[in-house]
Participant: 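Submitted below is the structure of interest, expressed as structure tokens.
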Amino acid sequence: MLSLYDTVSRKKVPLVPLRPDRVGIYTCGPTVYRYVHIGNLRTYLLTDLLLRAVRFDGLAPFSVQNITDMGHMHQEQLAQTEDKVIAAARAAGKTAKEIAEFFTGAFFRDCRRMNFLPSDVYPRASTHVPEMIAMAKELEGKGVTYGEGGYLYFDVTKAKGYGELSGAVLGEGETAGRTDESIHRRKNRPEDFSLWLAADPGREFLWESPWGLGWPGWHIECAAMAEKYLGREFDIHVGGVDLRFPHHENSRAMAMTATGGRFALLWVHAAHLLVDGRKMSKSLSNEYTLDDLESRGVSPMDFRYHCLTLHYRTPMNFTWAAQGASAKALARLREAFSGKGETGAGGGRADGAEGFRRRFREAIGDDLNAPRALAVVHEAARSDLPGDVVRELAREWDAVLGVGLLGEVSGEGAGESAPGGEAAPAEVVGLARSRDRCRRERRFAEADALRERIREAGYDVVDGKDGAGRVRKR
Ligand code: AMP
Ligand code: ZN
């Protein structure tokens, strides 16, 4: 059984899925105005490891990872007046939409190179504004908001569970006394946050709402999309440690207040990656991407392996020397496994494999302890177990580690093109994947209902020989 360190209860908690058929997982995804850096990828690797560990436990993950294509995240965080997606678009002479699409594609490409399992849905913030408006209206109806002149704010003093996640205390937090005058002049207290903001000049993304023409605040994005795809309550919420406050504290308080449900039951946070002991930044030229790594001879699998040598809650100091040592260790491991041959040689007893199996499973089950699991892998590679037995262990374990222990990486291809090979909307692809799963589990009535929903969205499903449905525009 898998236990995870939960940020709210501050202890390891066994994962007891809310529903027998799936484990609902939400991950805060990228803001698509630039390439993701290796720090982002380390955090997204946590989601991938989690999905793989859930599968390894015989459960079916249902993963939702949003794409922030409106840029408001940083706008609110940094209290800037210009949307980053729009600023990048202006600089490149492109529309904000074009920029967001380009970097969304780049993100999926990086996910595939990292051998991440595809999420079931990648909802775009820009196509879920009606859901955000509905949640804001719900909150307004509950009397927990205020505002005027096109702005709507959430009153955190009326929130359910505010502070439980990050330990934030009203009036004492890092935002206390830090109110940006230009944007948030209408806020009653620094911790309150915007659900809706009035249109500002030059903004490309604007929507009509009960509060006038404008755009939604950042935190409501994840709350509304998580509710849409995972319901009022779901199993696990993932993100980097920097998002604990205010983003996760606020999303949680808002969603719990709006729906009356508990939102995520477990909160898992990844520690940050530093480069040579320093925070990555453009000015230090150390904001490395996967391409930067490759240009220095480090493959995505080398980097993936390197990340797994540390527990996800331990901050990682990326250095070229340590990365080089990890690449060598992975190469040695692959050599050891390939040198084992298909059968025979080794002389040891095959039943010794069970001890290794148990220890690997225990390590992963213990809050995804990848370094401990890797130690078991190294030990097995050095053991005198028969070659075919060791290779079988490597095959089983690579389903969790995903580094290509046997040389090849059998990627399922993250990103939306995975099941369909066509650029269908995330929702449609998500439906197709859910339908595949229903068919595999012989739940044909549900599969048919999903086919119907796909048809309603304007797509047909054609079943491939591999059992996966491909979606085609009708
Ligand atoms: P961003 O696009 O910067 O908001 O980050 C996307 C995801 O990557 C979030 O979950 C962040 O917490 C995470 N993240 C950002 N910077 C780092 C870093 N240096 N190391 C690890 N994760 C990071
Ligand atoms: Zn989020």
Side-chain angles (χ1 to χ4, degrees), residues 7 25-50 63-78 80 84-85 88 100 103-104 106-107 110-111 114 116 119 122-125 128 131-132 135 165-166 193 216-230 234 236-255 263-264 267-282 284 286-290 303 306-307 310-318:
T7 308
I25 299 170
Y26 188 92
T27 304
C28 290
T31 307
V32 283
Y33 68 88
R34 58 162 171 76
Y35 291 107
V36 294
H37 56 56
I38 57 174
N40 303 135
L41 289 170
R42 184 192 186 208
T43 293
Y44 302 138
L45 174 60
L46 168 58
T47 298
D48 183 61
L49 191 59
L50 181 59
S63 170
V64 179
Q65 186 166 23
N66 67 298
I67 304 285
T68 298
D69 57 356
M70 298 194 284
H72 50 192
M73 166 178 223
H74 292 272
Q75 180 154 16
E76 183 152 301
Q77 233 171 6
L78 306 175
Q80 288 182 345
K84 288 226 169 181
V85 176
F103 286 110
T104 303
F107 166 66
D110 281 348
C111 290
M114 287 293 290
F116 291 163
S119 280
Y122 294 98
R124 262 79 162 175
H128 290 77
E131 286 84 350
M132 299 175 211
M135 186 173 268
L165 183 77
S166 64
F193 56 90
W218 167 34
H219 312 302
I220 199 162
E221 163 181 338
C222 289
M225 294 197 289
E227 194 206 344
K228 171 161 183 181
Y229 294 100
L230 295 166
F234 57 94
I236 308 164
H237 196 305
V238 185
V241 71
D242 57 313
L243 298 187
R244 243 178 354 193
F245 187 86
H247 182 50
H248 290 165
E249 188 74 68
N250 290 355
S251 321
R252 179 177 184 268
M254 176 183 10
F263 200 50
W267 287 82
V268 181
H269 286 102
H272 267 197
L273 178 149
L274 299 172
V275 170
D276 296 319
R278 305 164 88 165
K279 194 171 154 52
M280 273 182 287
S281 77
K282 281 226 156 50
L284 291 173
N286 64 355
E287 223 180 48
Y288 298 137
T289 63
L290 221 41
F303 175 62
H306 188 41
C307 290
L310 267 185
H311 190 262
Y312 75 85
R313 280 191 288 122
T314 306
M316 175 174 182
N317 186 23
F318 181 90

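First listed ligand is number 1; within each ligand, the first listed atom is number 1.
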Participant: Can you find a pair of side-chain heavy atoms, one from Y312 and one from L49, that are under 4.5 Å apart?
Facilitator: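 Y312 does not reach L49 side chain to side chain.
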Participant: Would you mind listing which atoms of ligand 1 come within a distance below 4.0 Å of any non-hydrogen atom of G240?
Facilitator: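 Selected atoms, number and element: 10 (O), 12 (O).
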Participant: So that I can check it, does any N, O or S atom in H248 come closer than 2.8 Å to the Zn ion (ligand 2)?
Facilitator: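 H248 does not place any N, O or S atom closer than 2.8 Å to the Zn ion (ligand 2).
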Participant: Using a 3.5 Å cut-off on N or O atoms only, is Y44 in polar contact with ligand 1?
Facilitator: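 No, since none of the N or O atoms of Y44 sits under 3.5 Å from an N or O of ligand 1.
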Participant: Could you list the residues that satisfy side-chain hydrogen bond (donor to acceptor under 3.5 Å, both in side chains) with E249, not counting sequence neighbours?
Facilitator: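 So E249 forms a side-chain hydrogen bond (donor to acceptor under 3.5 Å, both in side chains) with S166.
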Participant: Is there a donor in the side chain of S119 and an acceptor in the side chain of S63, or the other way round, less than 3.5 Å apart?
Facilitator: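 A donor-acceptor contact under 3.5 Å links the two side chains.
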Participant: Are M280 and ligand 1 in contact, using a heavy-atom cut-off of under 4.0 Å?
Facilitator: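 It does, in that a heavy atom of M280 comes within the 4.0 Å cut-off of ligand 1.
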Participant: Assess H219: does it contribute an N, O or S atom lying under 2.8 Å from the Zn ion (ligand 2)?
Facilitator: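 False for H219.
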Participant: Should the pair Y26 and F234 be assigned to parallel (<30°), tilted (30 to 60°) or perpendicular (>60°) ring geometry?
Facilitator: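 Y26 and F234: tilted rings.
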Participant: Hey, does V241 come in under 3.5 Å of ligand 1, counting only N/O atoms on both sides?
Facilitator: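 Between V241 and ligand 1, no N or O pair is found under 3.5 Å apart.
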Participant: Measure the shortest side-chain to side-chain distance between L274 and P315 over non-hydrogen atoms and say whether it is less than 4.5 angstrom.
Facilitator: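 Answer no - side chains too far apart.
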Participant: Considering the heavy atoms of L273, write down every atom of ligand 1 situated less than 4.0 Å from one of them.
Facilitator: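 So the atoms of ligand 1 that pass are 18 (C), 19 (N), 20 (N), 21 (C).
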Participant: How are the rings of F318 and H306 set relative to one another: parallel (under 30°), tilted (30 to 60°) or perpendicular (over 60°)?
Facilitator: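 F318 vs H306 ring planes: perpendicular.
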Participant: Short N/O distance, under 3.5 Å, between G39 and ligand 1?
Facilitator: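 Yes.
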Participant: Quick one: sort the W267 and H248 rings into parallel, tilted or perpendicular, breaks at 30° and 60°.
Facilitator: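 Rings of W267 and H248: tilted, as their planes differ by 30° to 60°.
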Participant: Which label fits H247 and W218: parallel for a plane angle under 30°, tilted from 30 to 60°, or perpendicular past 60°?
Facilitator: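 Judged by the thresholds at 30° and 60°, the geometry between H247 and W218 is parallel.
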Participant: Check contact between R34 and ligand 1, using heavy atoms of the residue and a distance below 4.0 angstrom.
Facilitator: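 Under 4.0 Å: yes for R34.
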Participant: Going by the order shown, which atoms of ligand 1 are within less than 4.0 Å of some heavy atom of D242?
Facilitator: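 Result: 11 (C), 12 (O).
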Participant: For ligand 1, find out whether one of its N or O atoms is nearer than 3.5 Å to an N or O atom of T43.
Facilitator: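 By distance alone, the answer is yes.
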Participant: Where's the contact between R42 and ligand 1, heavy-atom distance under 4.0 Å: side chain, backbone, both or neither?
Facilitator: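 Neither; nothing of R42 gets under 4.0 Å from ligand 1.
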Participant: Measure the distances from the heavy atoms of H37 to every atom of ligand 1 and state whether one is below 4.0 angstrom.
Facilitator: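 Per 4.0 Å heavy-atom rule, H37 contacts ligand 1.
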Participant: Without placing hydrogens or testing angles, list every side-chain donor-acceptor pair under 3.5 Å for residues 40-47, not counting sequence neighbours.
Facilitator:
{"unit_1": "N40", "atom_1": "OD1", "unit_2": "R34", "atom_2": "NH1", "d": "3.3"}
{"unit_1": "N40", "atom_1": "OD1", "unit_2": "H37", "atom_2": "N", "d": "2.9"}
{"unit_1": "N40", "atom_1": "OD1", "unit_2": "H37", "atom_2": "ND1", "d": "3.4"}
{"unit_1": "R42", "atom_1": "NH1", "unit_2": "A271", "atom_2": "O", "d": "3.1"}
{"unit_1": "R42", "atom_1": "NH1", "unit_2": "H272", "atom_2": "O", "d": "3.3"}
{"unit_1": "R42", "atom_1": "NH1", "unit_2": "T314", "atom_2": "O", "d": "3.0"}
{"unit_1": "R42", "atom_1": "NH2", "unit_2": "H311", "atom_2": "O", "d": "3.0"}
{"unit_1": "R42", "atom_1": "NH2", "unit_2": "T314", "atom_2": "O", "d": "2.8"}
{"unit_1": "T47", "atom_1": "OG1", "unit_2": "T27", "atom_2": "OG1", "d": "2.9"}

